[in-house]
Number of protein chains: 2
Amino acid sequence: MRVLPIPPEIQRLLPMTPAVFYTMLAISPGALHGYAIMQQSATLSSGAFKMGPATLYSTIQRLVDLGLVKETPGDVGEDARRRYYELTTMGRQVLESEVARMNEVVKLATARLVQRTSAS
Amino acid sequence: MRVLPIPPEIQRLLPMTPAVFYTMLAISPGALHGYAIMQQSATLSSGAFKMGPATLYSTIQRLVDLGLVKETPGDVGEDARRRYYELTTMGRQVLESEVARMNEVVKLATARLVQRTSAS
DNA sequence: TACAGATATATCAGTAACGGATTGAGTCGT
DNA sequence: ACGACTCAATCCGTTACTGATATATCTGTA
């Protein structure tokens, strides 16, 4: 399987902020419209992360500009207001690389949190 | 082992931004001074995350104000400029809860990234 | 003891990201 | 045809981040 190199302007947004990460994670199995992305983000984080509409739409716009997300037509006969977004191939790779980084960090942090010294 | 509940004003900063997370992770095994925190953050992220001094010191100040980090005296006879910071008990709990969240998300995301649909 | 270079803290000014509130329009049940 | 909900979108203020820069101190070395 071929993996394109991630260009530097994309590298700059790694590690991802929570808004970027949950937005991309929400649409990773398939296209979703904005409102659904908001709801999915809350669900995926067990309610810990609630994105407002301003954050959502500005984040989507940024990701589209960067070529990580693209708009796609929804099914015919559906709510005409809905605008669907999905990951591009590069978007998927970037998300995968972010998940890999998080996986490393979690292992590292788990080990680190054992060797405690002092605190108050 | 007793675990204090995390107050709502702290919950608001979860999920953590990269700057907050790496700062806290850097000092999790024991107190470090600012400059060392900067270097550790870069090391812990394999060079992916490089914090400038402005981000570092404003982040530290915020964490001190929130009671997650406190300044502690360094060893005598050391470089007098150095100011050391360590996690408070609450800070450690918050970091632990963030790591737990990340662990969940990684599992969830790994599963999600398998069930791919389409992309370009 | 003077100098160079690395270490270390700190702030400034600007930008990027975020968040709450709100608007407005379309959908659906009754 | 009314009200409740869904959905996209933007306004405006705040928070967080960044690069550049300033200032001082420490360490080695010649």
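Sequence lines set the chain letters: A, B, ... in the order given, protein chains first and strands last, and positions in each chain run from 1.
- Both Gln39(B) and Asp79(A) lie close to DNA chain C; mapped to their nearest nucleotides by heavy-atom distance, the more 5′-ward contact belongs to Gln39(B).
- At a cut-off of 3.5 angstrom, the base of dT6(D) holds no donor-acceptor pair with the side chain of Arg82(A).
- To the nearest angstrom, C1' of dT10(D) lies 17 Å from OH of Tyr35(A).
- When rounded to the nearest whole Å, the span between CD of Gln61(A) and C1' of dA8(D) equals 13 Å.
- dT11(C) atom P lies 12 Å from atom CD1 of Ile60(B), rounded to whole Å.
- Of the candidate nucleotides dT25(D), dT11(C), dA8(D), dT11(C) has the atom lying nearest to any side-chain atom of Tyr57(B).
- To the nearest 0.5 Å, the span separating OG1 on Thr23(B) from CE on Met16(B) amounts to 10.0 Å.
- Between the NZ atom in Lys50(A) and the CG atom in Leu56(A) there is a gap of 15.5 Å [rounded to 0.5 Å].
- Remark: Thr59(A) is in phosphate contact with dC18(C), judged by side-chain N or O atoms under 4.0 Å from OP1 or OP2.
- Residue Tyr84(A) is out of contact with every strand shown, counting any heavy-atom pair closer than 4.0 Å.
- For Leu32(A) and dC7(D), the CG to P distance is 11 Å, given to the nearest whole Å.
- Here dA17(C) presents its C1' atom at 12 Å from CG of Leu13(A), a figure rounded to the nearest Å.
- For the pair Arg62(A) CZ and dG19(C) C1', the interatomic distance rounds to 13 Å; values are reported in whole Å.
- Of all nucleotides listed (dA8(D), dC18(C), dT27(C)), dT27(C) comes nearest to the side chain of Ala80(A).
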Distances for protein N or O near nucleotides 18-23 of chain D N or O, under 3.5 Å:
{"unit_1": "dT18(D)", "atom_1": "OP2", "unit_2": "Thr55(B)", "atom_2": "OG1", "d": "3.4"}

Item to check | side-chain contact (heavy atoms from CB on, under 4.5 Å) between Phe21(A) and Val99(A), intermediate numbers included | outcome: CA-CA 9 Å; Phe21(A) 178 76; Val99(A) 170; 4.1 Å; yes
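- The pair Arg101(A)-Glu98(A) meets the salt-bridge criterion, with a side-chain N (NZ, NE, NH1 or NH2) lying under 4.0 Å from an Asp/Glu carboxylate O.
- Rounding to whole angstrom units, CZ of residue Arg81(A) and P of dC28(C) are separated by 8 Å.
- The CG atom of Leu87(B) sits 10.0 Å away from atom NZ of Lys70(B), with the distance rounded to the nearest 0.5 Å.
- Thr55(B) places no side-chain N or O within donor-acceptor distance of the main-chain N or O of Met51(B), the cut-off being under 3.5 Å.
- Atom OG of residue Ser45(B) and atom CD of residue Gln40(B) lie 10.0 Å apart, to the nearest 0.5 angstrom.
- Distance CG (Leu63(A)) to P (dA16(C)): 15 Å, rounded to an integer number of Å.
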